[in-house]
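Throughout, a chain's letter reflects where its sequence line sits, starting with A, and its residues are numbered from 1.
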Amino acid sequence: DAKTTQPNSMESNEEEPVHLPCNHSTISGTDYIHWYRQLPSQGPEYVIHGLTSNVNNRMASLAIAEDRKSSTLILHRATLRDAAVYYCILRTGSSNTGKLIFGQGTTLQVKP
Amino acid sequence: NAGVTQTPKFRVLKTGQSMTLLCAQDMNHEYMYWYRQDPGMGLRLIHYSVGEGTTAKGEVPDGYNVSRLKKQNFLLGLESAAPSQTSVYFCASSYVPVNEKLFFGSGTQLSVL
């Protein structure tokens with residue numbers, strides 16, 4: 001299974017942009033990069049996903065490196081409600097067994 | 001749509017007791033997953049299913065059994081609960097294509113005394 005590596009924790013100030021990195025050096029050509037976040041005492045929720053091109057939605061932007069071995073989730077203006085654990089995962093396209101491994105994620109602290 | 005519903009939300013068991021956690025989804029998803037989350041840790045995959053009548057082991061399957069007799073339901077069973085199974089359990093589901101997103105339930109807090 002292709003794995004992802006994220007920093008354990010990051011800090012940000014409120015109303016400043018946040019860049020959350022994810023390394024996935026063993027990604028294959030048909031793997032989609034997904035990001036989820038988990039607010040305190042809640043189940044994870046979908047944030048964004050992409051394959052090759054950068055993606056934007058109302059929650060965040062996803063910047064994917066040209067070689068696809070890394071990606072960055074961008075929160076343009078962090079709010080206190082963005083404090084959460086952020087997970088970067090790969091959904092494998094080539095041999096899709098359905099197995100999905102999450103890992104530890106990055107705990108984001110947002111300071112007022 | 002209710003999405004993904006987990007029952008119960010809370011449960012306290014004594015060591016050796018058995019119980020079943022139910023996950024129900026109303027989105028006609030093929031894939032369903034059971035994860036556990038311990039304090040300060042990420043999600044660990046217990047078992048998953050790629051369709052009705054199928055199940056497969058994840059990262060930490062020992063001590064758990066699962067069944068997917070109906071497409072909309074995925075059951076997680078603990079035959080003889082142990083304190084090490086005290087955790088928050090999350091269920092998730094999705095369509096097959098890998099560009100489809102996962103939907104999660106709100107979790108079940110299980111304590112085994």
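- For A:His34 against B:Lys101, the heavy-atom pair with the smallest separation is CE1-CA, 4.2 Å.
- Among the candidates B:Met41, B:Gln109, B:Glu30, B:Glu100, the residue making the largest number of heavy-atom pairs closer than 4.5 Å to chain A is B:Glu100.
- Counting heavy-atom neighbours within 6.0 Å of A:Gln109 CD, excluding the residue itself, gives a total of 12 or less.
- At a threshold of 4.5 Å between side-chain heavy atoms, the hydrophobic network of Ile, Leu, Val, Met, Phe, Trp and Tyr places A:Val18 and A:Leu73 in one connected group.
- Linking Ile, Leu, Val, Met, Phe, Trp and Tyr residues whenever their side-chain heavy atoms come within less than 4.5 Å leaves B:Ile46 and B:Leu75 in two separate clusters.
- Taken together through direct or relayed side-chain contacts under 4.5 Å among Ile, Leu, Val, Met, Phe, Trp and Tyr, A:Leu39 and B:Val4 form parts of separate hydrophobic clusters.
- Between B:Phe104 and A:Phe102, the ring centre distance stays below 6.0 Å.
- A:Asn13 CG: more than 12 foreign heavy atoms inside a 6.0 Å radius.
- Only the side chain of B:Ser94 comes within contact range of chain A, with heavy atoms under 4.5 Å apart.
- A:Ile74 shares a hydrophobic cluster with no other residue; no ILVMFWY side chain has heavy atoms under 4.5 Å from its own.
- The structure places OH of B:Tyr48 at 8.0 Å from CD1 of A:Ile101, a figure rounded to the nearest 0.5 Å.
- Note: the hydrophobic cluster containing B:Met19 also contains B:Tyr89 (ILVMFWY, side chain heavy atoms under 4.5 Å, direct or indirect links).
- Side-chain heavy atoms closer than 4.5 Å link hydrophobic residues (I, L, V, M, F, W, Y) into clusters, and following such links, even through other members, never connects B:Leu21 to B:Phe103.
- With rounding to the nearest 0.5 angstrom, the CZ atom of B:Arg44 is 9.0 Å from the CD atom of A:Gln104.
- With contacts defined as side-chain heavy-atom distances shorter than 4.5 Å, the pair A:Arg91/B:Asn99 does not qualify.
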*Would A:Tyr46 and B:Leu102 count as a side-chain contact (heavy atoms from CB on, under 4.5 Å) if you check the C-alpha gap in whole Å, the side-chain angles of each, and the deciding distance to 0.1 Å?*
CA-CA 7 Å; A:Tyr46 168 81; B:Leu102 283 168; over 6 Å; no

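- Side-chain contact check for B:Gln37 versus A:Gln38: some heavy-atom pair is nearer than 4.5 Å.
- Interface with chain B: from residues 50-68 of chain A, no residue qualifies, criterion being any non-hydrogen pair under 4.5 Å.
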_Determine whether A:Leu100 and B:Tyr31 satisfy the following criterion, side-chain contact (heavy atoms from CB on, under 4.5 Å), listing intermediate values before the conclusion._
CA-CA 10 Å; A:Leu100 271 180; B:Tyr31 287 2; over 6 Å; no

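- In A:Glu14, the CD atom is crowded: over 12 heavy atoms of neighbouring residues, nucleotides or ligands sit closer than 6.0 Å.
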